[in-house]
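Here is the naming used below: chain letters follow the sequence lines, and residue numbers restart at 1 for every chain.
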There are 2 protein chains.
Amino acid sequence: MTAGSPDTTPDGALPRPRGGRMPRRERRVQLLESALEVFVAQGYHAAAMDDIAERAGVSKPVLYQHFPGKLDLYLALLDASCDTIIDGCREALASTTANKDRVAATMKVFYSYVASEEGAFRLVFESDLTSEPDVRERVDRVTIECASMIADVIRTDTGLPDEASELLAVSLVGMAQVSARFWLAGGGGISQDDAAALIAGLAWRGIRGYPMTDDH
Amino acid sequence: MTAGSPDTTPDGALPRPRGGRMPRRERRVQLLESALEVFVAQGYHAAAMDDIAERAGVSKPVLYQHFPGKLDLYLALLDASCDTIIDGCREALASTTANKDRVAATMKVFYSYVASEEGAFRLVFESDLTSEPDVRERVDRVTIECASMIADVIRTDTGLPDEASELLAVSLVGMAQVSARFWLAGGGGISQDDAAALIAGLAWRGIRGYPMTDDH
DNA sequence: GCTGCACGCCGATCTTGACCTCCACGATGT
DNA sequence: ACATCGTGGAGGTCAAGATCGGCGTGCAGC
């Protein structure tokens with residue numbers, strides 16, 4: 001079994017002779033970490049199970065002992081990432097009752113999610129497997145659940161009908177996720193906090209402009 | 001050569017005996033139309049050259065007579081779709097000097113682009129081939145060029161620094177494209193014009209809130 | 001009318017990458 | 001010594017991109 005350099009496995013651990021093994025649960029966690037790195041770097045289609053196994057420093061059958069198939073491995077990671085951003089959004093909205101602060105907190109959550117070291121957001125915002133229904137369902141659910149929480153606030157405070165509130169909420173989610181990804185790709189001309197505050201300011205100015213008496 | 005039903009090719013034309021042929025330029029146009037239908041419906045990876053050939057009512061070697069490979073076929077369609085939205089955005093911004101109307105016109109363009117019958121926007125906003133550099137470059141260029149045009153207006157009217165203007169512009173682009181796609185998927189509870197106007201109103205309220213004296 | 005050529009076309013096949021599995025090995029605990 | 005567990009070298013299988021070698025038609029020239 002080849003290693004990247006003499007005496008170490010690809011992740012820098014000491015070489016493990018045949019049977020140099022881990023408890024099953026530790027191995028599963030390690031495989032997920034390696035898989036995430038590969039899927040984030042290459043996307044689903046360009047990532048081969050060979051690549052993932054190599055990154056984990058194991059052979060391919062080990063992957064199949066823990067996951068029924070490649071798609072299952074991907075969905076396990078996607079689920080975790082979806083939960084992260086949905087939970088974060090919920091917590092941000094619940095963290096205060098002041099709407100201006102809710103907007104700021106939510107924007108901060110999106111920027112932190114996109115900025116996180118392991119890049120799990122790419123499985124949600126930049127998936128190349130959305131033709132697969134199980135993936136599409138999860139990716140859409142992120143937008144729908146985040147928007148739904150935001151729409152509840154909009155509806156309560158503006159009296160706008162459901163469809164309008166939902167569409168406004170979705171556009172705020174779109175603003176957050178597209179600008180955060182652009183900020184990340186742009187190499188940080190603005191700090192993360194300043195960028196999040198800037199876009200939160202735009203969002204707040206926009207959304208506070210809907211008084212209760214407004215109708216369209 | 002089999003057909004979907006007796007006496008017709010898949011596109012409903014009468015069967016063409018061997019040698020029933022088209023001039024080269026007409027054939028190329030027809031192949032592009034068929035390819036677009038298949039890529040839009042299935043995405044790049046799930047679309048097979050067999051599928052495209054069958055949709056066009058020809059054999060696979062005919063595809064390779066007009067396009068060096070699958071990726072080239074996809075890029076030809078992607079380029080056309082990118083040009084459509086960039087040109088539309090430019091025309092919308094140039095159509096008036098009133099900023100409020102610029103915002104409305106640009107939003108209308110995004111909603112019309114997403115609503116268009118053949119669904120070419122999916123190659124730009126929902127591509128599953130962004131791990132391929134040639135695709136990534138084009139898809140990013142749409143966001144960057146649209147945002148750049150919008151940022152010029154923002155910078156001129158607010159005096160905000162370049163990076164801030166760009167980021168605000170990108171968030172407006174994100175708001176447009178994500179809300180338009182959500183509106184399309186939602187089955188039209190709101191009319192296209194009402195939806196575009198609603199989101200344009202949010203955008204306008206947000207962006208007009210940056211007076212020249214504002215600093216961050 | 002015949003022949004040769006240009007053009008557009010296709011059935012069959014090749015090639016290859018990658019998902020997934022077979023069968024057996026080594027380490028560990030009892 | 002044996003059972004169990006975690007593991008790997010090797011390879012089966014197949015889908016799909018791409019190509020080979022040749023065919024049929026229409027037309028111009030003789």
Side-chain angles (χ1 to χ4, degrees), chain A residues 1-3 9-11 13-32 34-35 38-39 42-76 128-129 131-132, chain B residues 1-3 9-11 13-32 34-35 38-39 42-76 128-129 131-132 134-135:
Chain A
M1 182 180 293
T2 60
T9 57
D11 63 5
L14 285 173
R16 291 173 295 96
R18 183 183 177 88
R21 55 206 240 182
M22 282 186 183
R24 192 175 174 82
R25 291 171 70 159
E26 287 184 36
R27 174 65 79 203
R28 182 187 159 87
V29 168
Q30 186 222 358
L31 296 178
L32 283 167
S34 297
V38 177
F39 284 137
Q42 297 180 266
Y44 181 86
H45 291 284
M49 292 297 264
D50 266 320
D51 298 331
I52 295 169
E54 189 175 337
R55 174 62 66 94
V58 299
S59 63
K60 277 196 296 184
V62 175
L63 292 176
Y64 292 94
Q65 285 197 324
H66 294 266
F67 302 95
K70 186 182 181 186
L71 179 59
D72 303 271
L73 180 50
Y74 189 81
L75 289 178
D128 63 339
L129 192 58
S131 63
E132 160 61 44
Chain B
M1 181 178 294
T2 62
T9 57
D11 63 6
L14 286 174
R16 290 171 299 98
R18 184 181 178 87
R21 53 206 239 183
M22 283 185 183
R24 189 174 178 82
R25 291 170 71 158
E26 288 182 36
R27 175 65 79 199
R28 181 186 160 89
V29 169
Q30 186 223 358
L31 296 177
L32 285 167
S34 297
V38 177
F39 283 138
Q42 296 179 267
Y44 180 86
H45 291 285
M49 293 295 266
D50 267 318
D51 298 332
I52 296 170
E54 188 176 336
R55 173 63 64 97
V58 298
S59 64
K60 274 198 300 187
V62 173
L63 291 176
Y64 291 93
Q65 286 193 320
H66 295 266
F67 303 95
K70 186 182 181 186
L71 179 59
D72 305 272
L73 180 50
Y74 188 81
L75 290 177
D128 63 339
L129 193 58
S131 62
E132 160 62 45
D134 286 340
V135 171

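The OH atom of Y74(B) sits 14 Å away from the P atom of dG17(D) (whole-angstrom rounding). Straight-line distance from the CE atom of M22(B) to the P atom of dG26(D): 16 Å, rounded to whole Å. Distance CZ (R21(B)) to C1' (dC23(D)): 11 Å, rounded to an integer number of Å. Atom-to-atom, CZ of F67(A) to P of dC19(C) comes out at 15 Å; the value is rounded to the nearest Å. The CD atom of Q65(B) sits 16 Å away from the P atom of dG21(D) (whole-angstrom rounding). Look at NE2 on H66(B): it is 16 Å from P on dA18(D), rounded to the nearest Å. For the pair H45(B) NE2 and dC19(C) C1', the interatomic distance rounds to 16 Å; values are reported in whole Å. Taking atom CG on L73(A) and atom P on dC19(C), their separation rounds to 11 Å, with Å as the unit.
L129(B) approaches V135(B) most closely through the heavy-atom pair O-CB, 3.4 Å.
With Q42(A) contributing its side chain and S131(B) its backbone, the two residues share no donor-acceptor pair below 3.5 Å.
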For nucleotides 20-23 of chain C, list the nitrogen or oxygen atoms of the protein found under 3.5 Å from its nitrogen or oxygen atoms, one pair per line.
unit_1: dC20(C); atom_1: OP2; unit_2: Y64(A); atom_2: OH; d: 3.4
unit_1: dC20(C); atom_1: OP2; unit_2: K70(A); atom_2: N; d: 3.1
unit_1: dC20(C); atom_1: N4; unit_2: K60(A); atom_2: NZ; d: 2.0

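For dC5(D), its base never sits under 3.5 Å from the side chain of R24(A) at any donor and acceptor pair.
For the ring-ring contact (aromatic ring centres under 6.0 Å, His included) test, no residue two or more places apart in sequence or in another chain qualifies with Y64(A).
Using a 4.0 Å heavy-atom cutoff across all strands shown, A47(B) reaches sugar-phosphate atoms only and no base atom.
Residue R27(B) holds its CZ atom at 10.5 Å from CZ of R21(B), rounded to the nearest 0.5 Å. Here the CG atom belonging to L63(B) is positioned 12.0 Å from the CG atom belonging to D72(B), to the nearest 0.5 angstrom.
For the pair L31(B) and I52(B), the minimum side-chain heavy-atom distance is 4.5 Å or more.
OP1 or OP2 of dC9(C) sits under 4.0 Å from a side-chain N or O of R27(B).
With dC10(C), dC19(C), dG8(D) as the choices, the nucleotide that has an atom nearest any side-chain atom of V58(B) turns out to be dC10(C).
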Side chains of residues 43-51 of chain A: which donor-acceptor pairs under 3.5 Å do they make with residues two or more places apart or in other chains?
unit_1: H45(A); atom_1: NE2; unit_2: D128(A); atom_2: O; d: 3.1
unit_1: D51(A); atom_1: OD2; unit_2: A48(A); atom_2: N; d: 3.0

